[in-house]
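See below for the structure under consideration.
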Amino acid sequence: MAIKIQTQKPEIPVEIGDLKFSFDVTDESIKKFREKAVEIQKEFHSIEKTDDDNVALEKAKNVLKRGFDLMLGKGAFEKIYDLSPSIMICMNYFVQIVEGIEQELQNRGYTDASKEKVEKYLKKAK
């Protein structure tokens, strides 16, 4: 008798209006997402300290571009900004996407605790 296991798609679909994207659920992608999310958050906090609105707007645009492109692929920011040409709205989308991806990763069992269990198992196997 054969053991049949249903394969899982290594992605999380993300829809913004009519735009469709996906977040890759590969080990490398998850690692990069978690590391870069902290960096991007710090950059947003440094923007808040800028008094010049034009400079702040440009910095926010650059940070959002890197963040969206990291999560959803190159060119994602431009498509999203074309849909909603407002940095404030795009920031709101960004926050929702980050929270949604993190929640979905937890729902799928991609937590730090499960990562530690795998690493512990692999050490014992050696």
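The analysis underlying the following values was restricted to heavy atoms, covering all of them including side chains, and did not include hydrogens, waters or symmetry mates.
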> Which side-chain hydrogen bond (donor to acceptor under 3.5 Å, both in side chains) pairs, counting each pair once, include a residue from residues 94-106, with sequence neighbours left out?
Replying inline: Arg34-Glu102, Asn92-Gln96, Gln103-Asn107, Glu104-Arg108
> Should the pair Arg66-Glu39 be classified as a salt bridge under the 4.0 Å nitrogen-to-oxygen rule?
Replying inline: no
>> Could you walk me through whether Ile97 and Phe21 satisfy the side chain to side chain contact (heavy atoms under 4.5 Å, CB included) test, starting with their C-alpha distance in whole Å, then the side-chain angles of each, then the deciding distance to 0.1 Å, before giving a yes or no?
In response: CA-CA 11 Å; Ile97 292 168; Phe21 302 97; over 6 Å; no
> Does the side chain of Leu64 reach to within under 4.5 Å of the side chain of Ile80, using non-hydrogen atoms?
Replying inline: no
> Looking only at heavy atoms, which two atoms of Ile16 and Leu83 are closest? And how far apart?
Replying inline: O-CD2, 3.6 Å
> Which residue pairs satisfy the side-chain hydrogen bond (donor to acceptor under 3.5 Å, both in side chains) criterion with at least one member in residues 69-83, sequence neighbours excluded?
Replying inline: Lys65-Asp69
> Do you know which two heavy atoms are closest between Ile87 and Lys61, and how far apart they sit?
Replying inline: CD1-CG, 3.2 Å
>> Can you tell me how far apart CG (Leu72) and CZ (Phe94) are? Round to the nearest 0.5 Å.
In response: 9.0 Å
> Where do Cys90 and Ser84 come nearest, in terms of heavy atoms and distance?
Replying inline: SG-O, 3.4 Å
> Looking only at heavy atoms, what is the nearest atom pair of Lys36 and Leu70, with distance?
Replying inline: CB-CD2, 3.3 Å
> When clusters are formed by joining ILVMFWY residues with side-chain heavy atoms under 4.5 Å apart, either directly or through shared neighbours, do Met91 and Val95 land in the same one?
Replying inline: no
>> As a quick check of understanding, evaluate side chain to side chain contact (heavy atoms under 4.5 Å, CB included) for Ile40 and Val98, giving each step before the final call.
In response: CA-CA 11 Å; Ile40 289 170; Val98 169; over 6 Å; no
> Do Ser29 side-chain atoms and Asp24 backbone N/O form a donor-acceptor pair below 3.5 Å?
Replying inline: yes
